[in-house]
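Please read the structure below before turning to the comments.
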Amino acid sequence: MTLTDLANPTRFLALTTRILPWLAGATAILLAIGLYQSAMAPDDYQQGATVKIMFIHVPNAWLSMFVWGVMSIAALGTLVWRHPLADVAAKSAAPIGAAFTFLALVTGSLWGRPMWGTYWEWDARLTSVLILFLMYLGLMALWRAVEDPSRAARAAAVLTLVGAINIPIIKFSVDWWNTLHQPASVFRAGGPTLDKAFLWPLLVMAIAFSLLFITLHLAAMRNEILRRRVRSLQMMQASRTAVIGEAKEMGAA
Amino acid sequence: MSLGPYASFIVTSYALVTAVVLLLIVWIAADYRRQQARLREIEASGVTRRSGRSAVDVR
């Protein structure tokens with residue numbers, strides 16, 4: 001099956017129906033393993049047990065940026081290749097990305113209070129992630145505000161690509177500015193600085209959350225395709241009613 | 001497993017993530033059922049796709 005085959009929504013629906021149960025099962029198993037490893041991980045010598053918040057905070061933070069990356073590729077698909085499923089993919093990903101970003105912000109805040117002594121600080125990392133969250137909400141509002149789906153798709157695609165500038169700002173904010181947030185400790189030149197006792201549970205949780213995103217995204221895309229079918233059938237229904245009405249009027253005349 | 005003096009912060013974080021993820025799953029599942037119900041309703045009124053295939057069929 002090629003990318004061109006997947007441009008057909010009917011084939012895409014058939015594929016998602018086949019693979020969704022397997023993806024959901026794999027996600028549940030990996031989440032269970034990740035949660036068990038997180039529970040069994042030792043306390044950090046400085047942070048104590050609060051290091052356990054890292055196993056859910058970091059995957060959500062990674063996904064908050066990754067989902068915007070997926071939406072940016074989809075935006076290119078809308079503007080450049082006019083792929084029929086590109087806007088469906090972007091629109092379906094936005095609420096899921098917003099949820100991950102919200103969780104990254106709140107779990108970070110709950111981790112920050114005991115470690116930094118504050119829930120919130122207007123530093124570069126925290127502020128740029130808050131801006132990302134607001135951009136997700138803005139995009140969702142845009143899709144709802146514009147009635148014509150193709151116009152909404154183009155406007156949202158442009159906004160998504162403009163917003164993508166924020167992703168490297170978030171990633172490198174801890175290097176470019178003096179922030180309260182710690183610098184990168186996994187994806188960095190020279191390899192991870194995390195001890196294996198923390199690194200493995202973190203990687204398992206990151207893969208589990210990524211699978212969770214893929215599962216939810218495919219399911220949400222299926223819903224969006226069905227929603228568009230509803231819309232097109234409703235338009236057919238409306239035009240049919242209009243034609244019957246005109247015929248009756250002409251008959252009466 | 002002792003969570004130390006900041007147990008409430010750890011438990012709240014995990015509970016919140018669980019709640020939001022469950023909410024997403026329930027919302028997406030409910031939306032799927034809602035769209036299928038709307039499609040069945042429209043098809044029952046006699047409006048069908050040009051291909052003649054049922055719009056509800058996702059296999």
Side-chain angles (χ1 to χ4, degrees), chain A residues 10 12-14 16-18 24 31 35 38-40 43 47-57 59-60 92 95-96 99-100 102-103 106-115 209 212 215-217 219-220 222-238 240-241, chain B:
Chain A
T10 303
F12 179 83
L13 284 179
T16 51
T17 304
R18 276 204 305 275
L31 266 179
L35 283 171
S38 307
M40 292 299 126
D43 288 356
Q47 301 188 26
T50 53
V51 75
K52 293 192 191 306
I53 298 177
M54 174 181 73
F55 302 123
I56 47 172
H57 168 72
N60 279 300
S92 317
I96 306 170
F100 287 137
F102 169 75
L103 288 174
V106 178
T107 54
S109 199
L110 286 165
W111 194 10
R113 181 67 184 89
M115 292 301 104
F209 269 83
L212 175 69
T215 309
L216 293 176
H217 189 212
R222 181 172 67 175
N223 292 353
E224 185 57 29
I225 291 170
L226 294 183
R227 197 180 341 275
R228 290 177 188 208
R229 279 186 181 176
V230 167
R231 184 183 152 84
S232 65
L233 287 180
Q234 278 175 335
M235 287 174 76
M236 280 169 68
Q237 198 175 29
R240 189 179 287 186
T241 310
Chain B
M1 182 179 58
S2 165
L3 294 178
Y6 301 114
S8 59
F9 291 93
I10 302 165
V11 172
T12 308
S13 299
Y14 276 81
L16 197 77
V17 171
T18 308
V20 172
V21 168
L22 284 178
L23 206 71
L24 269 177
I25 293 169
V26 169
W27 171 62
I28 289 172
D31 190 30
Y32 180 61
R33 289 208 188 90
R34 194 165 47 241
Q35 299 312 321
Q36 281 204 317
R38 287 171 76 186
L39 283 170
R40 279 199 197 95
E41 200 178 301
I42 296 169
E43 284 189 334
S45 73
V47 179
T48 53
R49 296 169 72 203
R50 287 188 192 93
S51 65
R53 289 186 62 178
S54 169
V56 187
D57 185 15
V58 292
R59 284 166 297 153

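Chain letters run A, B, ... following the sequence lines, proteins first, then strands; residues in each count from 1.
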Open item on the list: As an exercise: rank A:Thr107, A:Leu103, A:Ile96 by heavy-atom pairs under 4.5 Å with chain B and give me the winner.
Closed with: A:Leu103
Open item on the list: Would the distance check show the side chain of A:Asn223 and the main-chain N or O of B:Ile28 forming a donor-acceptor pair, the cut-off being under 3.5 Å?
Closed with: yes
TODO: Give the member of A:Ile225, A:Asn60, A:Thr215, A:Ile53 that has the highest number of heavy-atom pairs under 4.5 Å with chain B.
DONE: A:Ile53
TODO: Output, in order, the C-alpha distance, side-chain angles, deciding distance and verdict of side chain to side chain contact (heavy atoms under 4.5 Å, CB included) for B:Arg38 and A:Gln234.
DONE: CA-CA 10 Å; B:Arg38 287 171 76 186; A:Gln234 278 175 335; 3.6 Å; yes
Open item on the list: Report which part of A:Leu35 has an atom under 4.5 Å of a heavy atom belonging to chain B: side chain, backbone, both, or neither.
Closed with: side chain
- [ ] Using non-hydrogen atoms and a 4.5 Å limit, figure out which bit of A:Phe100 sits close to chain B: side chain, backbone, both or neither.
- [x] neither
TODO: Look at A:Val106, A:Leu212, A:Thr50 and state which one has the largest set of heavy-atom pairs under 4.5 Å with chain B.
DONE: A:Thr50
Open item on the list: Counting neighbours of CZ on B:Phe9 that are heavy atoms of other residues, nucleotides or ligands and sit closer than 6.0 Å, is the number greater than 12?
Closed with: yes
Open item on the list: So which residue, B:Leu16, B:Val21, B:Ile25, ends up with the most heavy-atom pairs under 4.5 Å with chain A?
Closed with: B:Leu16
TODO: Would you mind checking which part of B:Val20 comes under 4.5 Å of any heavy atom in chain A, side chain (CB onward), backbone (N, CA, C, O), both or neither?
DONE: side chain
- [ ] Looking only at non-hydrogen atoms, find the nearest pair between B:Ile10 and A:Ala49 and report the distance.
- [x] CD1-O, 3.4 Å
Open item on the list: With rounding to the nearest 0.5 angstrom, report the OG to CD1 distance, A:Ser232 to B:Ile42.
Closed with: 8.5 Å
Task: Contacting moiety of B:Ser8, where chain A heavy atoms sit under 4.5 Å - done: neither
- [ ] Can you tell which part of A:Leu216 gets under 4.5 Å to a heavy atom of chain B, answering side chain, backbone, both or neither?
- [x] both
Open item on the list: What's the separation between atom CZ in A:Phe55 and atom OH in B:Tyr14, rounded to the nearest 0.5 Å?
Closed with: 6.5 Å
